[in-house]
Amino acid sequence: MPHRAYVIDEMISAKSIAARVEALAKEITRAFQGTDKLVVVGLLRGSFVFIADLVREIDLPVEVDFLEASSYGDAMESSREVRILKDLRGEISGRDVLVVEDIVDTGFTLHHVVNLLRSRGPKRLEVCALLDKPSRRETAIKATWTGFEIPDEFVVGYGIDFAQRNRNLPHIGKVRFTGEDDSAAR
Ligand code: PRP
């Protein structure tokens with residue numbers, strides 16, 4: 001795929017994200033109060049930054065597990081076919097589970113993952129997504145908790161990539177293409 005030149009404009013600052021993560025963690029702590037242990041499941045790869053920040057703000061006994069699902073690969077369009085590339089290490093039957101997702105776009109990924117995990121008989125399963133693009137939804141799925149609703153912009157940073165780049169940005173940025181020259185994208 002040829003690289004198109006682009007710049008990244010800040011959309012949500014690292015400070016705003018931190019404040020929202022703290023508030024989400026408070027709500028999650030309250031909702032699961034009394035649990036013996038909450039299994040927090042991060043969807044790789046995009047959620048790795050969010051889950052790291054979120055679990056450190058959750059005031060409950062927590063187990064961390066990961067599941068890798070992919071529908072995009074390096075493409076910009078969802079393939080609508082969700083593949084499980086890496087399954088959970090632990091059992092979730094009869095457990096309290098929180099699925100952590102970076103962004104809900106068409107919703108295919110989350111829909112597939114939630115159905116899969118529900119089939120394993122968790123006691124309770126909720127979802128926390130940092131970003132939600134409701135205008136792009138093609139499946140009937142909604143996270144229990146959402147950090148920010150955003151318009152249909154191409155976003156990167158805080159774990160989210162563009163062709164495997166920019167996951168390490170501390171804020172959420174909006175990709176703005178500047179031309180066909182590939183020098184700035186590398
Ligand atoms: C991205 C993102 C979500 C999913 C959302 O994952 O992390 O999991 O797409 O899109 P959807 O609602 O249209 O299904 P991707 O497949 O790019 O993998 P990654 O997390 O490894 O970047």
Side-chain angles (χ1 to χ4, degrees), residues 1-4 6 8 10-12 14 16-17 20-21 24 28 39-55 64-89 92 97-120 122 125-177 185-186:
M1 181 173 74
H3 291 280
R4 290 173 64 192
Y6 63 95
I8 298 167
E10 184 171 294
M11 191 183 197
I12 308 171
S16 307
I17 298 170
R20 190 69 188 115
V21 168
L24 288 168
I28 291 163
V39 185
V40 183
V41 174
L43 301 195
L44 293 172
R45 289 175 257 181
S47 74
F48 79 103
V49 177
F50 181 38
I51 192 175
D53 283 348
L54 189 68
V55 289
V64 176
D65 207 337
F66 292 97
L67 186 139
E68 183 165 15
S70 187
S71 56
Y72 286 79
D74 285 345
M76 287 169 74
E77 279 292 312
S78 169
S79 65
R80 289 168 178 72
E81 250 175 65
V82 182
R83 289 181 302 147
I84 300 297
L85 305 179
K86 183 216 165 293
D87 207 338
L88 298 178
R89 290 279 294 276
I92 56 162
V97 177
L98 177 72
V99 175
V100 175
E101 176 64 303
D102 54 343
I103 182 164
V104 186
D105 193 309
T106 64
F108 283 114
T109 306
L110 194 56
H111 183 77
H112 184 89
V113 167
V114 164
N115 282 346
L116 173 73
L117 298 185
R118 279 203 202 288
S119 75
R120 297 179 184 176
L125 186 146
E126 307 289 351
V127 176
C128 181
L130 180 69
L131 304 177
D132 188 2
K133 280 187 190 175
S135 65
R136 295 261 308 164
R137 195 73 82 259
E138 295 183 28
T139 54
I141 188 101
K142 195 161 175 26
T144 322
W145 296 281
T146 297
F148 302 91
E149 281 199 0
I150 59 167
D152 185 15
E153 299 283 359
F154 196 153
V155 291
V156 292
Y158 199 70
I160 302 171
D161 73 307
F162 172 28
Q164 304 309 329
R165 292 164 196 274
N166 312 122
R167 290 194 199 270
N168 56 333
L169 267 184
H171 56 268
I172 299 285
K174 187 161 77 174
V175 170
R176 179 159 51 87
F177 293 101
R186 297 213 165 149

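Every number for a ligand or one of its atoms is a count from 1 in the order of the listing. Only a predicted model underlies this, so the values are computations on that prediction, with no experimental measurement involved.
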Exercise for review: State, to 0.1 Å, how close Leu131 and Thr146 come at their nearest heavy-atom pair, and which atoms those are.
Suggested key: C-CG2, 4.5 Å
Check your understanding: Less than 3.5 Å between some nitrogen or oxygen of Leu43 and one of ligand 1, yes or no?
Key -> no
Check your understanding: Taking the non-hydrogen atoms of Arg136, is any one of them nearer than 4.0 angstrom to ligand 1?
Key -> no
Check your understanding: Any idea which part of Gln164 is under 4.0 Å from ligand 1, heavy-atom wise: side chain, backbone, both or neither?
Key -> neither
Revision key, fill the gap. In ligand 1, the atoms that come under 4.0 Å of a heavy atom of Leu44 are 20 (O), 21 (O)
Check your understanding: Under 4.0 Å from any heavy atom of Gly107, which atoms of ligand 1 are there?
Key -> 11 (P), 12 (O), 13 (O)
Revision key, fill the gap. Here the gap from Cys128 atom SG to Glu126 atom CD, rounded to the nearest 0.5 Å, amounts to 10.5 Å
Point to revise | SB check Asp102 Arg45 (cutoff 4.0 Å) | key: no
Check your understanding: For ligand 1, is any non-hydrogen atom under 4.0 Å from Glu68's backbone (N, CA, C, O), its side chain (CB onward), both, or neither?
Key -> neither
Study note, to complete from the structure: Counting heavy atoms under 4.0 Å, the part of Ile103 that contacts ligand 1 is both
Check your understanding: Is the side chain of Asp65 donor-acceptor paired with the backbone N or O of Arg89 at a distance under 3.5 Å, no angle test?
Key -> yes
Review point. Is the centre of the Phe162 ring less than 6.0 Å from the centre of the Tyr6 ring?
Key: yes
Exercise for review: Under 4.0 Å from a heavy atom of Asp161: give me the atoms of ligand 1 that qualify, with their elements.
Suggested key: 22 (O)
Review point. Is the shortest distance from a Lys or Arg side-chain nitrogen in Arg120 or Asp87 to a carboxylate oxygen in the other one below 4.0 Å?
Key: yes
Exercise for review: May I ask which of Lys133, Arg45, Glu101, His111 has a heavy atom nearer to atom 19 (P) of ligand 1 than the others do?
Suggested key: Arg45
Exercise for review: Would you mind running through ligand 1 and noting each atom that sits below 4.0 Å from a heavy atom of Thr106?
Suggested key: 11 (P), 12 (O), 13 (O), 14 (O)
Study note, to complete from the structure: Within the 4.0 Å heavy-atom cut-off, what Asp102 brings close to ligand 1 is side chain
Check your understanding: Looking only at heavy atoms, which two atoms of Arg136 and Asp105 are closest? And how far apart?
Key -> NE-OD1, 2.6 Å
Check your understanding: In terms of ring plane angle, is the pair Phe50 and Tyr158 parallel, tilted or perpendicular, where the classes change at 30° and 60°?
Key -> tilted
